[in-house]
Amino acid sequence: MRYHPHTPDDVRRMLDAVGAPDVETLFRSIPAPLRLGRPLDVPPAVDEIGLLGELGRLAAANRVEHPPFLGAGAYPHHVPPAVDQLLLRGEFFTAYTPYQPEVSQGTLQALFEWQTFVTLLTGLEVANASMYDGATAMAEAALMATRLTDRRKIVVSAAVHPDYRAVLATYLASTGDEIVTVPWGADGRTDLQALERAVDGATAAVIVGYPNFLGVVDALPEAAALARKAGALAISVTGEAVAFGLLEAPGKLGADVAVGTMQSFGAGLNFGGPAAGFLSLRQEHVRQMPGRVCGATVDKQGRRGFVLTLSTREQHIRREKATSNICTNAGLMALAATIHLSLLGRRGLAQLARVNFERARMLRDAMGRAGFAPTFSGPVFNELAFEVGDAAAVVARLAKKGIAAGAPLSRWFPEPRFRGSLLCAATELHAPELIELFARSVRG
Amino acid sequence: MNFPDDLQYTREHEWCRVKGGRAVVGITDHAQDALGDVVYLELPKVGDVLKKGETFGVVESTKAVSDLFAPVSGKVVEVNDPLVDAPETVNEDPYEEGWMIQVEMSDPKELKELLDPAAYRKFLEEEAE
Amino acid sequence: MANPTGWKPSVEKESGGAGGPARPGTGGAVRGLAYEEKLIFEHAGGDRSGVSLPAPTGAWDPAREIPAGLLRGEVEGLPSLAELDVVRHFTRLSVWNHGIDTGFYPLGSCTMKYNPKSSEALARLPGFAAAHPLLPAEMCQGSLELMYRLERALSEISGFAGTTIAPAAGAHGELCGLMMIRAYHVARGNARKKVLIPDTAHGTNPASAAFNGYRTVEVKSGPDGRLHPDAVRAVMDEDVAAIMITNPNTLGVFESDIAAIAEVVHAKGGLVYGDGANLNALLGVARPGDMGFDVMQFNLHKTFATPHGGGGPGSGPVAVKEALLPFLPLPVVVREGAAYRLVADPAERPRTVGRLREFHGNFGMMVRAWALIRELGPEGLRRSAELAVLNANYVRARLQDVYHLPYATDSLHEVVFTDKLQKAAGVSTMDVAKALIDEGFHPPTVYFPLVVAGALMIEPTETESKETLDAFVEGMRAIAARAAADPDALHAAPVKPVRARLDETRAARKPVLRWTPGMALE
């Protein structure tokens, strides 16, 4: 076995040093009745050639010949090969949480850069070193809001990703906090009148998507103003972070907290994970921020260096009072996003966002020519829903051609009026010809 | 370790100095030493009403975060705000510059339940075992 | 002989003294050629980019569709660098890190075993990497089959009825496990109030319990480092929802009374939660599901060698007994005939605790874990546990005369020493840890578990050779010798990395958490 370097002679000499006659003796503290006493029932070992063949066949059973016209929280984007080649440097990917800062300065400086990228994109002052994903980032932000305001009600727009809302419900199941969901209007934006009615002096946070789950650039400034008036925190949620290259930063629009996923930068799709969640907020709330955070300091010789900091809340003397139980985050995916954003830079990010904006218009026009109108009238970035008749049937039909057509809204919203709505995304990966082909295929 | 004679102590390691109807409150030399470098404090606002034994703030060091417990009941009438920007003062001078709040006591009888220096020392010895 | 250039080698100036070559550590560390490297934001600006993208056509004007107040121009502060400069920046940063690929990394309870390169290649196969999580089932049968097979294998390895592979990390798995425990009790009409946690528990256990609304009650371990049934019996009542036990525990000691403890807890209707952080010691030897555990979380990044990534992403599947199956979070993968399908609709699983994260879990980690299980097979899995335990016991045997061993009880996969013998010379665990860096090793886990003052927790893992262990032992012994002879030198360690000891107090008192233009640490 190539991962087990011991020769029989090594084993014998090591046992001699230990003073044990055989390896079995080392396990004597496990009572016999608790032993397994048989080989595990897992498939027999394969060699590397067999392994690559077997998993290669599984990978080939997925159909990925075209970029999917699917977003809904995970977006197909081009990841420059430079990102992955740097990620594969063993010093990055085989290190752990930087508990020993002197031998972790690479990871730590990269995390500090990640935190800076997040604040630049969100327009807020502070960010943590990443979260498990966007959905848990949102749930942790809501919990933080209840701690900061000492209030128990979370008001969330129905146009926030339904899976994120489901995670919020799971996280709040045992806290007794209340979740109030506010509908969206015909333009796909949060219904502000309903929001105004829902927000009151008991509200800890108001959560809206930006862009929201329907692809629509939601009314964040208005929602944030309502939150502020009630003394609640405004939380913006972003699943497609490329939008930050075109849209104003949430922090500039009144959001107190910005959360979401940086999946669009450096991560790829990977069937939904991993990707780095982000959480960003105002300086005044930094001591209540969940998760790990990296800070600048100096070493004994006065040179700048970086450490994990503000982490003592994990070791609260009354440990159950810790602000969250997060230990591992998504460090490597934060690094991937940091490298990708570094490559893009100021000009590249603006260009990428602009191309995405245009490809969505190409899709809208092509679908229009094929006879399909957008479901919602509000402004969009690179994702929008179309009325296609029977969305689930369209998806099934295109799957046979190897095209992932989009997400039928009926998957999350069973009401009959959404039966025809197909949520589609177009990015820089969708060439104009492919967009044309797609629209024609939807028509059938 | 220094435990001034004119102070009274709690089992949660706060001290209390009585000035007329007021109690000045901070944390003991032992507490600051056990915590290590204090990096952050959360203190109440003037006007907040405290109940004996309940938390009135948080002290955070590089090693740990701990709640602060009110040694007596009453209204907060003064807060040592400069401390928040210079938390190291708690380590350097826990009994003078490092005081945290002043409370207008609502029930001075509660003072009887606090420990004198000898009793606090004894308590520390027991706790160490 | 003539010297036409007039050049004279300045031998005296360049060798010897502080600038001379450092003594190689027993792990091989010398000073390498490392570079100072600015923050990416501190490199010169300009109109550059490191990407190659299609040009916008200009046919659509964002200002005509998106309200003016919601648009922005280029993001100020972002860097402007060509590809090479970015590549060089991160390459330079990388060499400031110690990874498993660099050297021995005996971080206790973190199981820093070798991360196979073939797993990386497999996770990057386009079929896996480019698969969207919402593909119609008929387009992602490969991913679903892999998830199904991994779930079955994890259930078999741990001895449970079923496993959720959704949780994003070990602590996330803990949260999930306690949610299911709570749901189980709620379904019986009483959520209960308390969770018992031994003093040797992982730091995240109390937070996970509190998150689910439980008060934690600490249970003291005995002088042998083990938890005893009587200690549990004394605090066990019908308000206790569960006990959280790590087995082997964070001292590397097997909880031999686990079956009796489980009986005590079960008798009062409580459940036994297993923290699987140290499962590596048991692979193929014994199964938590056969010892009385009802729930257990894995850490794929520990036991199954998925990369730790500088702090994630992890993966924390949770296995459960039959009685808890209805509460598993969504989604779950099921096989129907020859096809696989995700169950994501709560209508199909009405008692589920719900959804824990977006999509289906860290699929990339699942590919890597499955690849390792396939390559090891049943014999290889068991051999991993055997060699991990042998390695830990070898290190223990070779160091116990120079470092204090607080518990003489048998060790499995890790061993805990303390700085008690070095304290007299004023040398602490932190000094030993930092001195190990100069030898070329990553320090062990320090000051944990909390029940041991000045703990040094060493977990070598099975992928390390005797030769590496011998070098580590030699380094540890050399440090012990220096602790007596020259303690000041140890206080100054480390001297070889790009940075000396860092001022953590300053970082926490005046947090600087992002770059700002002209930033300076005064």
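Naming: A, B, ... by sequence-line order, numbering from 1 per chain.
- Within the 4.5 Å cutoff, no side-chain heavy atoms of A:E91 are placed close to those of C:W96.
- Between A:G273 and C:R357, the shortest heavy-atom contact is CA-NH2, 4.2 Å.
- For chain A, the nearby part of C:E464 is the backbone; its heavy atoms alone come within less than 4.5 Å.
- Looking at C:R374 and A:E54, their side chains come closer than 4.5 Å, going by heavy atoms from C-beta outward.
- Rounding to the nearest 0.5 Å gives a distance of 12.0 Å between CG of A:L344 and CG of C:L81.
- Two residues are said to be in side-chain contact when any heavy atoms from C-beta on lie closer than 4.5 Å; C:I40 and A:L341 fail this criterion.
- Interface check for chain C: of the options A:V11, A:D133, A:L332, the most heavy-atom pairs under 4.5 Å are formed by A:D133.
- Interface remark: A:A74 contributes backbone and side-chain atoms alike to the contact with chain C (heavy atom separation under 4.5 Å).
- Residue C:L381 touches chain A through its side chain alone, counting heavy-atom pairs closer than 4.5 Å.
- How far CG of A:L40 is from CG of C:L376: 11.0 Å, rounded to the nearest 0.5 Å.
- Contact record, A:E102 with C:A500: CG-O, 3.5 Å, taken as the closest heavy-atom pair.
- Taken from CG in A:L88 to OG in C:S94, the straight-line distance is 11.5 Å, to the nearest 0.5 Å.
- Of the listed residues (A:M333, A:R35, A:R63, A:R361), the one with the most heavy-atom contacts under 4.5 Å to chain C is A:R361.
- At distances below 3.5 Å, not a single donor-acceptor pair connects side-chain atoms of A:D10 with backbone N or O atoms of C:K466.
- No other option in A:A61, A:A95, A:P31 has as many heavy-atom pairs under 4.5 Å with chain C as A:A95.
- With a 4.5 Å cut-off on non-hydrogen atoms, C:L146 touches chain A through its backbone and its side chain both.
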Please determine whether side chain to side chain contact (heavy atoms under 4.5 Å, CB included) holds for the pair A:F306 and C:L39, giving the CA-CA distance in whole Å, both sets of side-chain angles, and the decisive distance to 0.1 Å.
CA-CA 11 Å; A:F306 302 91; C:L39 289 164; 3.9 Å; yes
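- Looking at C:P136, only its side chain comes within 4.5 Å of chain A, counting heavy atoms on both sides.
- For a residue to count as touching a neighbouring chain, one of its non-hydrogen atoms must lie under 4.5 Å from one of that chain's; by this rule A:T338 touches chain C with backbone and side chain alike.
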Full working for side chain to side chain donor-acceptor pair (under 3.5 Å) between A:E113 and C:H89 | CA-CA 12 Å; A:E113 293 176 353; C:H89 173 79; 2.9 Å; yes
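- Residue C:F90 touches chain A through both its backbone and its side chain, counting heavy-atom pairs closer than 4.5 Å.
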- Query: side chain to side chain contact (heavy atoms under 4.5 Å, CB included) between A:R89 and C:V95: does it pass, once the steps are laid out?
  - Reply: CA-CA 9 Å; A:R89 289 198 61 98; C:V95 302; 3.8 Å; yes
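- Options A:K400, A:R411, A:H4 differ in how many heavy-atom pairs under 4.5 Å they form with chain C, and the most are formed by A:H4.
- Under the 30°/60° scheme for interplanar angles, the aromatic rings of A:Y132 and C:H172 are found to be tilted.
- Using a 4.5 Å heavy-atom threshold, the side chains of C:L107 and A:Y99 count as touching.
- Contact of C:N393 with chain A is made through backbone and side chain together, with heavy-atom distances under 4.5 Å.
- Proximity to chain A involves both the backbone and the side chain of C:P79, based on heavy atoms less than 4.5 angstrom apart.
- The closest side-chain donor-acceptor pair between C:N97 and A:T107 falls under 3.5 angstrom.
- Interface remark: of the candidates A:L51, A:V395, A:V307, A:L51 forms the most heavy-atom pairs closer than 4.5 Å to chain C.
- The CG atom of C:L53 lies 5.0 Å from the CD atom of A:Q351; values are rounded to the nearest 0.5 Å.
- Of the listed residues (A:L349, A:L111, A:L246, A:D47), the greatest number of heavy-atom pairs within a distance under 4.5 Å of chain C belongs to A:L246.
- To the nearest 0.5 angstrom, A:Y3 atom OH is 11.5 Å from C:K113 atom NZ.
- Heavy-atom contacts from other residues, nucleotides or ligands closer than 6.0 Å to CZ of A:R303 number more than 12.
- Using bins of under 30°, 30° to 60° and over 60° for the plane-to-plane angle, the ring pair C:H308/A:Y96 lands in the perpendicular bin.
- Looking at heavy atoms from C-beta onward, C:C140 lies in side-chain contact with A:N62 at the 4.5 angstrom threshold.
- Contact of the C:L513 side chain with the A:L310 side chain is registered, since non-hydrogen atoms from C-beta on lie closer than 4.5 Å.
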| request: Apply side chain to side chain contact (heavy atoms under 4.5 Å, CB included) to the pair C:F211 and A:T175, showing each step before the final yes or no. | output: CA-CA 8 Å; C:F211 201 109; A:T175 62; 5.6 Å; no
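- Between C:L412 and A:F27 the shortest side-chain heavy-atom distance falls below 4.5 Å.
- Of the possible polar contacts, none joining the C:R355 side chain to the A:A169 backbone as a donor-acceptor pair under 3.5 Å is found.
- Both the backbone and the side chain of C:S384 come within contact range of chain A, with heavy atoms under 4.5 Å apart.
- Only the side chain of A:V23 comes within less than 4.5 Å of a heavy atom of chain C; its backbone N, CA, C and O stay farther away.
- Looking at A:P221, only its side chain comes within 4.5 Å of chain C, counting heavy atoms on both sides.
- The part of C:R382 that comes within reach of chain A is its side chain, from C-beta onward, which places non-hydrogen atoms under 4.5 angstrom from that chain.
- At a 4.5 Å heavy-atom cutoff, the contact between A:T136 and chain C is made by side-chain atoms alone.
- For the atom pair CG (C:D47) and CZ (A:R347), the distance works out to 4.0 Å, reported to the nearest 0.5 Å.
- You'll find the side chain of C:V87 stays beyond 4.5 Å of the side chain of A:Q85, heavy atoms only.
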